[in-house]
Amino acid sequence: MIRTHGAGQLTAHNAGDTVTLAGWVARRRDHGGVAFIDLRDATGWSQIVIHDENVAGALRAEWCISVTGKVSLRPDGNANENVPTGAIEVICDQLTVLSEAAPLPFPIDSGERVDANEEVRLKYRYLDLRREGPAAALRLRSKITTTIRAVMEGEGFLDIETPYLTRSTPEGARDFLVPVRLQPGSWYALPQSPQLFKQLLMVAGMEKYYQIARCFRDEDFRADRQPEFTQLDVEMSFIDQEDILTLTEKILQKLWKEVLGIEISTPIPRMTFLEAMRRFGSDKPDLRFEYELVEVTEYFANTEFRVFKAPYVGAVVMPGGASTPRRELDGWQEWAKARGAKGLAYILIDATGEVTGPVAKNISESERAGIAAKVGANPGDAIFFAAGERDESQKLLGAARLEIAKKCNLIPDHMWEFLWVVDAPMFEPTDNGGWTAVHHPFTGPKPEFAATFDKDPANALAYAYDIVLNGNEIGGGSIRIHQREIQQRVFDVIGLTREEAQSKFGFLLDAFNYGPPPHGGIAIGIDRVSALMAGVESIREVIAFPKTASGGDPLTGAPTPITPAQRKEAGIDKSEKLEKSEK
RNA sequence: GGCCCGGUAGCGCAGUUGGUUAGCGCGUCGCCCUGUCACGGCGAAGGUCGCGGGUUCAAGUCCCGUCCGGGUCGCCA
């Protein structure tokens, strides 16, 4: 090592020691005869005192330097209690410029509070990551993955890698495709997840598999979505749902304990999918605040108001919402329309308990009289209604609930509300009247639906579970189908012929001819978990080199066009062979 | 793919009903400064106003198109 100590590790105990530090010029305070340089490295920073004007005057921000000198206690009254190394300083004896830095595109360590915009930060991500916040986010993520590996190792899991160049998996997202030079016209797909491989590993008798795996999906972006992202992927044999939930809770408990020093109480509460939809209008309820949905279909069973003559009528209360300005109430209508609804009916309960608002005059005297009590609204509140199909209306109210929480600041800081959402439907209707698997087609039915799921797909429940944190789905999994007969009936329900199934993932079905064990697993989104634990808004903050919303990387400039020669060599334009699997 | 917001000096921003030479802070560069810690003082440089077209005597400002970034709905486990 060309240094003896970390710049952030020096304390009063080091006083008198001669040390050599190496790092970057963070801030400099040049007084002419004496200058102070904050020298920063990965451990923190220390103040360097330089008495030679020529040495100090030449230094610039972010030059890489090494300094040898004696650690001394700062003169009386000059200690800085706000920083760990504030008691001491290093009197520079010898300073070596290891490398110089060009003028910076944005402030790194100047003490400026202003932030550069994200695109500039990403273009110079190597400078961005010298900054305290971004660096801390990556350090936190490293601690997360390290902790996970320790838990998995302790539980006897095998870390097994699976291919990145593979064939399309049937999970529904668009694949990233890779041309194959040796077989012009044929393409690899990057895996959307290691789903099929981990099931093959169960057939192979590995019994306990995990991987911190990169996954690829060619879909549009969000703040919490990237085209490549990372999952903790887990699969186990000879287990039941309870085993997966217990293991997952152990991982989460250890993570929060080790990384944040927070105790999570287990078992984590559970809620069925239907209950989540009924009470929160979401398959990933945010339990950090109340104001649950209230169904009022019965209450308005005999209403004269046409809008409320619907299969489902529900309500959600906005505390203090009665004083919402008209313009904002109109804004809610726009908000609802943007979600594909016709609008969002509302009534206002004024301070005296009087019911007002455009809908008020459409409902009867008695309906007006009891509605506040029915939905738990107080004077001064607003009540929003959705009426229509149950599922759609609940989702609209669920979204409204979240919007209300945001507007009214109902979400407390520093709360970690975990929840298992279990018993999701196995199938959902497709646009053309058929059925499709909600998870993926290898998800088993709950045992009590094993005999009936194909006769009554609408009501069949899947042996699946999602782990939710503060309204974010951070992972999910299922107990898989290991019986050929049940698998075939699932394919029948979703309208997949034997030939199609065979050509898409015949290799898995073949494997299942050879004594597949009962198995199941889960996948946890590492990016999202890291972002939540780091307290940052976007998963881009916990990814070293993330991409922008159009899939670009401002740093490398990827993606780029390819040359005609590359194009030819890759075989992209070769007339395609007759692909056996057409997705 | 739809909708919303944004793009003005290296960075963060202001720029009025269209009107003279487009401003402010930070940074940069030069000079000065022996106890600062967002050090301070004096001075200077730095701009295709994202790009293209249009309206106008006149466009950073209005209109159309387009590119880029962010968000959101669709999509996506």
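Quick caveat: nothing in here was measured; it's all calculated off a predicted structure. Numbers restart at 1 for each chain; the letters A, B, ... are given by sequence-line order, proteins then strands. The analysis underlying the following values was restricted to heavy atoms, covering all of them including side chains, and did not include hydrogens, waters or symmetry mates.
In this structure, A/Ser550 reaches the sugar-phosphate backbone alone: every heavy-atom distance under 4.0 Å involves primed, P, OP1 or OP2 atoms, never a base. Looking at heavy-atom distances under 4.0 Å, A/Pro105 makes contact with sugar-phosphate atoms alone, never a base. Using a 4.0 Å heavy-atom cutoff across all strands shown, A/Gln226 reaches no nucleic acid atom at all. Contact annotation for A/Asn117: backbone-only contact, meaning every heavy-atom pair under 4.0 Å involves sugar-phosphate atoms and none involves a base. A/Glu119 comes within 4.0 angstrom of the backbone, heavy atoms only, and of no base. At the heavy-atom level, A/Arg528 lies nowhere under 4.0 Å from the strands shown.
Residue A/Gln231 places its side chain closer to B/A77 than to any other of B/U28, B/A77, B/G70. Comparing B/A77, B/C29, B/C33 by their closest approach to the side chain of A/Arg60 singles out B/C29. You'll find that the side chain of A/Asp466 is closest to B/A77, out of B/C37, B/A77, B/G35. Nearest nucleotide to the side chain of A/Ala223, out of B/A77, B/G71, B/A38: B/G71. Residue A/Arg222 has its side chain nearest to B/C75 when only B/A38, B/C75, B/G35 are considered.
Under the 6.0 Å cut-off for aromatic ring centres, A/Phe491 and A/Phe505 qualify, their centroids lying closer than that.
One finds a side-chain N or O of A/Arg339 lying less than 4.0 angstrom from the OP1 or OP2 phosphate oxygen of B/C73. Regarding contacts with the backbone of B/U36, a side-chain N or O of A/Asn78 is found under 4.0 angstrom from either OP1 or OP2.
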Protein-nucleotides 45-52 of chain B N/O pairs under 3.5 Å:
none

Report, one pair per line, the protein and nucleotides 5-7 of chain B atoms (nitrogen or oxygen only) whose separation is under 3.5 Å.
none

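Under the 3.5 Å distance criterion, with hydrogens and angles disregarded, a donor-acceptor pair is assigned to the side chains of A/Gln192 and A/Asp175. Residues A/Tyr312 and A/Asp391 bring no donor and acceptor atom of their side chains to less than 3.5 Å of each other.
A/His440 and A/Phe442 have tilted rings, their planes meeting at an angle from 30° to 60° on a 0 to 90° scale.
Between A/Asp109 and A/Arg27, some side-chain heavy-atom pair lies under the 4.5 Å cut-off.
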Which atom pairs, donor and acceptor, lie under 3.5 Å between side-chain atoms of residues 5-13 of chain A and protein residues at least two apart or in another chain?
residue	atom	partner	partner atom	Å
A/Gln9	OE1	A/Gly6	N	3.2
A/Thr11	OG1	A/His13	N	3.2

Exercise. Could you check A/Trp332 against A/Phe384 for side chain to side chain contact (heavy atoms under 4.5 Å, CB included), going step by step and ending with a plain yes or no?
Key: CA-CA 10 Å; A/Trp332 276 100; A/Phe384 291 107; 3.7 Å; yes
